[in-house]
Amino acid sequence: MNIEFLTELNYDNQEPPQTIIIDIDENSSIGELLSKIHEITKIPTYSELNWDGNIEKISCRYYFKSGTEYEEYQMIRDLDQKICDFPKNGVNGELSLFIDGSVGLVN
Amino acid sequence: MEVSDLLISYKFDQNLSYPEIVNNLQKGDTLVIIEDFPLSDNDFQSFINRIGVSIKENRNNNGESIFDVKIFKQNNFFTSIANSNLAFPLHTDCADLDSIPNCIGLLCIEPASESQGTNNFMFLNNLIKQLSKNEIKELQNKKWKFRNHWRSILTSVNKSYKICYDRVTMESFSKMNKTEIEELNNLDKLFKSVSFKIKLKKGDLILFRNDLMLHGRDEIDINSNRLIKRIRFNVN
Ligand SMILES: [Fe+2]
């Protein structure tokens, strides 16, 4: 299936999304799909925060495009949810995801 | 100073005066706490709508303004420090954003057991009293990197001060030398020494200034069901 994805959401200067073809059954979980995307794109699944001698790995957050406005994304909270349950709001009607690997907004 | 001097308490459905609450937040030298607050997102949102303008974020519930502060992992890692069980040192929220919301509301849906997850607060007023003129100047002059923004910890606006501090952001996104780390260690100690603790009960809504105080929380048991709902907002 075709997947559209972004790795940065920048309201002022948005890069166009990338498109990727993933061989997966839409009855699989969104988590499986995301693992495949990580595998192919080499986007790390976590980044590190460090302060006062602590180091903590923080997971990527995943969002799906929930509406037609360009900034309309909602967080994916359940990685076991089926791919086919998600709306397809990409430019060409594909599933559109935002993989947020930055650790901005630590709180 | 007694903690009760720093708190203005209300009970929901009794003597709630919205202009008074706004006024307290504008002054910013007290915390506002409202007991017996209803535990629904709707009530929380409509309450905040009456006193300020809330900030929407994609990661909030339904992409709106309420964020569930609870332990949450994906890929075996916490999705933020707020979503971890870790202690969170005294900080400003959104210290790395272009514009930093000036208020935060935290609604306690489920407290952690015993003293876990207790909130810590520090008023900028009380910090200033501990600082010499030179120390204040230094905190105003030295710029630190908050991810994409260089900011000083203290800024002076119309003869009053504002604070911006988040060690996790500051240290995670810049290389610091030994002296700077020591500076932060000393600041953390100082902040802690003028901070005080409040353990929220179920149904407590606490409102406070994000630019006139620092907040943090104690460690939580990894299996805790602690749930705090958060709205960031601006009062004018
Ligand atoms: Fe915070």
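In what follows, chains are A, B, ... by sequence order, proteins preceding strands, each numbered from 1.
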**Asked** If you count the non-hydrogen atoms of other residues, nucleotides and ligands that lie under 6.0 Å from NZ in B:Lys199, is the total more than 12?
**Response** yes

**Item:** Residue, of B:Asn185, B:Asp188, B:Val69, B:Leu86, that accumulates the most heavy atom pairs under 4.5 Å with chain A
**Value:** B:Leu86

**Message:** How long is the straight-line distance from CG of B:Asn75 back to CZ of A:Arg61, given to the nearest 0.5 Å?
**Reply:** 11.0 Å

**More than 12 heavy atoms of other groups within 6.0 Å of B:Lys197 NZ** = yes

**Asked** With a 4.5 angstrom heavy-atom cut-off, which part of B:Phe72 approaches chain A: side chain, backbone, both or neither?
**Response** side chain

**Heavy-atom contact with chain A under 4.5 Å, split by part of B:Asp93** = both

**Item:** Which atoms of A:Tyr63 approach chain B - backbone, side chain, both or neither, heavy atom under 4.5 Å
**Value:** side chain

**Asked** Can A:Ile58 and B:Phe77 be said to form a side-chain contact (heavy atoms from CB on, under 4.5 Å), step by step?
**Response** CA-CA 5 Å; A:Ile58 297 292; B:Phe77 307 117; 5.8 Å; no

**Message:** Walk me through whether A:Leu49 and B:Phe78 qualify under side-chain contact (heavy atoms from CB on, under 4.5 Å).
**Reply:** CA-CA 11 Å; A:Leu49 292 177; B:Phe78 299 119; over 6 Å; no

**Under 4.5 Å from a heavy atom of chain B, the part of A:Glu56 involved** = side chain

**Complete:** Taking every heavy atom of B:Arg59 against every heavy atom of A:Met75, the minimum-distance pair comes out as O-SD, 3.7 Å

**Prompt:** In Å and rounded to the nearest 0.5 Å, what is the OG1 to CG distance from A:Thr45 to B:Asn76?
**Reply:** 9.0 Å

**Item:** More than 12 heavy atoms from other groups under 6.0 Å of CG on B:Asn236
**Value:** no

**Asked** Is there a side-chain contact between B:Ile181 and A:Trp51 (heavy atoms, below 4.5 Å)?
**Response** no

**Message:** Would the distance check show the side chain of B:Glu171 and the main-chain N or O of A:Asp52 forming a donor-acceptor pair, the cut-off being under 3.5 Å?
**Reply:** yes

**Request:** Go through the atoms of B:Asn61 and report whether side chain, backbone, both or neither lie under 4.5 Å from a heavy atom of chain A.
**Result:** both

**Request:** Verify the neighbour count for atom CD of B:Glu138: are there more than 12 heavy atoms of other residues, nucleotides or ligands below 6.0 Å?
**Result:** no

**Asked** Within the distance-only criterion (no hydrogens, no angle test), does the side chain of A:Ser59 pair as donor or acceptor with the backbone N or O of B:Thr79 below 3.5 angstrom?
**Response** no

**Fill in**
A:Tyr62 and B:Gln74 have their tightest heavy-atom pair at CD1-OE1, 3.6 Å

**Which atoms of B:Leu184 approach chain A - backbone, side chain, both or neither, heavy atom under 4.5 Å** = neither

**Interface moiety of B:Asn60 toward chain A, non-hydrogen atoms closer than 4.5 Å** = backbone

**Request:** Give a yes or no on whether B:Lys56 atom NZ has more than 12 heavy-atom contacts from other residues, nucleotides or ligands under 6.0 Å away.
**Result:** no

**Request:** Report, as yes or no, whether the 6.0 Å neighbourhood of atom CD1 on B:Ile222 holds more than 12 heavy atoms from other residues, nucleotides or ligands.
**Result:** yes

**Asked** Side chain, backbone, both or neither: which part of A:Ile76 has a heavy atom under 4.5 Å from chain B?
**Response** backbone

**Asked** When rounded to the nearest 0.5 angstrom, what is the spacing between OG in A:Ser66 and CG in B:Asn62?
**Response** 9.0 Å

